[in-house]
Amino acid sequence: MSSAIPFREIEVPVYKKYKAVCFLASNVKNCQEIKENLIKANKDYDYGFLNAKNVVSLEQLYSGFYKTVMSQHDGNMKSRTLHTELIYSLSPFKNIMDCLNKFGISKDSNSILIVKIVESETLNNYFIKTQQENLKSIIDGEFLEITDDSLQEITDIKALEKNYKLKIRSTKLENNWPSISRNLVSITHLKGL
Amino acid sequence: MSKEIIERVEKILPDFDLKLVSQGAEALVFVTEKHPYLPKDIKPAGLTNVNNFIVKYRPRKPYRHEKLDLQITKSRTAGEAKLLYKLDSLNIKAPKLIALDAINGIIWMEFLGFRLPNGNFSSLKNWLWFIEKKGESEAIGQLAKDVMRLVGYAIAELHLNEIVHGDLTSSNIVLVKESETEEKYSVALIDFGLSSYSNLVEDKAVDIYVLERALVSTHPQFSELYNEWLLEGYHSLYSEKKKINAWRDVERRLAAVRLRGRKRSMLG
């Protein structure tokens, strides 16, 4: 299939200065290469790369974006760029390096969620098209539609339980997606408070 | 005064159609149909109502120093949000957290409850009034008994997890529909603005005492029975969890609080 890769545009009320466009790739084979380019700050790799096994729902992704643009608006950002701030918002760790390593992409990641946050007026069809083409060339993997189902297919519940300390919950988490998603969304909103 | 506050919250949350539902000394509560950040095609997970959301807003207090005010608003708002998350993770029925803007004193949470046949909101107070109107057999019938026991049980759940509500009244307790066809309800506690972590017998006894007094004043005719059922429900969880000694402590202290009132004597 040579058609354009699927994407999802994200915007939220109130904090309208920024929008995001998101992509999901699974079976990615060149994560090491991506990571190296990220470290080198290669311009073609200017995205928020999230390890998709930590994300269970679109609601969780939206809550991270919401928190990020709210922090930007309030001048409360804990990191330097919107992309790292998104990773920070979604991850349970306080240390930014921990966030990037465990929540961002690592050389053995398999599925990645790619988020490009830009000023709202930049985001138009042409922009999305160039992003799609760029991603096709830098990522060796399969691009998927971002839905709760496709995310949950990729989710690693064991890693989630460990990273977010979800074991303390008195509810059974195994395959209880609404409750897992609710928990992760709450954790995102309470991050840093 | 109130108009200015509402204008301020409308400025923080433009494009949201906010309907004021309650106003206290500390906060204003609104209902809105729009989710703070999700588009229409994505429904928030694990909520009983995905079409209505509660916005709780703690306005600034003009008499406080600005910096201090900001800090107090932020920490109280965040504190309440953390508690809601804690309750959710303990599986205690209370509004779930949806979003948080601590700096502006705003918590978004789940809308619990429904409209009674007379159009009023299903707080315990409204519901008791509603069934009292139907006559004595309803007012002190099996359903009333079940509901009051659930209330006691819910409070005991809180107390056994070392949380005290701090402001238990019959309007801070909400009936939630468990079935569309039958009259089957569960009970949720709301408004944790004055809640705190405490394992003191005194705090727990005062929690119950405050509700007892509220029931006596809003439902004088049957309050004795209501309070009796309430304590039965409260006791039942303690015995379920084999915490009979803890129950006796609360019971004993409650008797003392009843004699002296909510405030502890300043003498001695």
Side-chain angles (χ1 to χ4, degrees), chain A residues 8-16 18-20 22 56-76 89 146-149 151-152 161 164-173 176-193, chain B residues 9-17 32 34-48 50 53 55 70-71 73-104 106-110 157 160-161:
Chain A
R8 170 135 204 146
E9 217 178 294
I10 292 186
E11 59 183 305
V12 294
V14 184
Y15 310 104
K16 291 179 174 162
Y18 294 97
K19 286 185 185 178
C22 313
V56 306
S57 64
L58 279 162
E59 187 182 2
Q60 187 191 357
L61 180 60
Y62 267 84
S63 69
F65 178 74
Y66 177 73
K67 177 101 182 171
T68 302
V69 288
M70 185 194 286
S71 302
Q72 195 281 332
H73 177 266
D74 296 339
N76 259 342
S89 298
I146 313 176
T147 62
D148 285 357
D149 287 339
L151 289 169
Q152 286 158 14
E161 281 192 305
Y164 287 96
K165 303 192 177 69
L166 293 181
K167 272 257 161 66
I168 53 163
R169 310 279 162 265
S170 41
T171 42
K172 272 216 169 123
L173 280 178
N176 190 356
W177 295 117
S179 135
I180 298 175
S181 178
R182 197 79 254 131
N183 276 313
L184 299 183
V185 166
S186 301
I187 290 171
T188 301
H189 288 300
L190 292 170
K191 183 79 196 265
L193 289 168
Chain B
V9 69
E10 281 170 346
K11 216 169 150 193
I12 303 170
L13 296 173
D15 322 327
F16 287 90
D17 190 13
T32 179
K34 192 161 136 187
H35 189 279
Y37 54 87
L38 288 180
K40 282 227 158 64
D41 64 320
I42 303 175
K43 295 291 174 208
L47 303 183
T48 49
V50 294
F53 308 100
V55 179
L70 205 71
Q71 233 174 51
T73 303
K74 190 179 164 190
S75 73
R76 289 193 184 159
T77 308
E80 187 178 348
K82 282 179 196 165
L83 193 77
L84 293 182
Y85 174 55
K86 172 88 182 171
L87 294 171
D88 184 15
S89 60
L90 290 168
N91 224 356
I92 294 176
K93 214 169 174 93
K96 290 180 180 154
L97 179 64
I98 293 172
L100 176 64
D101 178 359
I103 289 174
N104 284 314
I106 291 173
I107 302 182
W108 288 78
M109 57 185 119
E110 180 182 23
E157 265 190 309
L160 282 171
N161 283 296

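Below, chains carry the letters A, B, ... as their sequence lines are ordered, and counting in each starts from 1.
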Before we go on, tell me: are the rings of A/His189 and B/Tyr37 under 6.0 Å apart, centre to centre? yes

Using side chain to side chain contact (heavy atoms under 4.5 Å, CB included), reason through B/Leu38 and A/Tyr66 one step at a time and then give a plain yes or no. CA-CA 9 Å; B/Leu38 288 180; A/Tyr66 177 73; over 6 Å; no

Any heavy-atom pair between the side chains of [Y] and [X] that's under 4.5 Å?
{"X": "A/Lys67", "Y": "B/Leu100", "answer": "no"}
{"X": "A/Arg8", "Y": "B/Pro39", "answer": "yes"}
{"X": "B/Ile103", "Y": "A/Asn76", "answer": "yes"}

For [X], is it the side chain, the backbone, both or neither that has a heavy atom under 4.5 Å from a heavy atom of chain A?
{"X": "B/Leu84", "value": "neither"}
{"X": "B/Ile42", "value": "side chain"}
{"X": "B/Ala102", "value": "side chain"}

Minimum heavy-atom distance A/Glu59-B/Lys43, with the two atoms named: OE1-O, 4.3 Å

Ignoring hydrogens, what is the shortest heavy-atom contact between B/Pro36 and A/Pro13? Give both atom names and the distance.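 What the structure gives for the nearest pair is O-CD, 3.3 Å.
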
The test is side chain to side chain contact (heavy atoms under 4.5 Å, CB included); show your working for A/His73 and B/Asp101 and say whether it passes. CA-CA 11 Å; A/His73 177 266; B/Asp101 178 359; over 6 Å; no

Return yes if some donor-acceptor pair links the side-chain N/O of B/Lys96 with the main-chain N/O of A/Ser186 below 3.5 Å, else return no.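 Absent.
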
Donor-acceptor pair, side chain of A/Arg182 and main chain of B/Pro44, under 3.5 angstrom: no

Pick one of side chain, backbone, both or neither for A/Gln60, based on which atoms fall under 4.5 Å of a heavy atom in chain B. neither

In terms of heavy-atom pairs under 4.5 Å with chain B, the winner among A/Leu190, A/Val185, A/Asp148 is A/Leu190

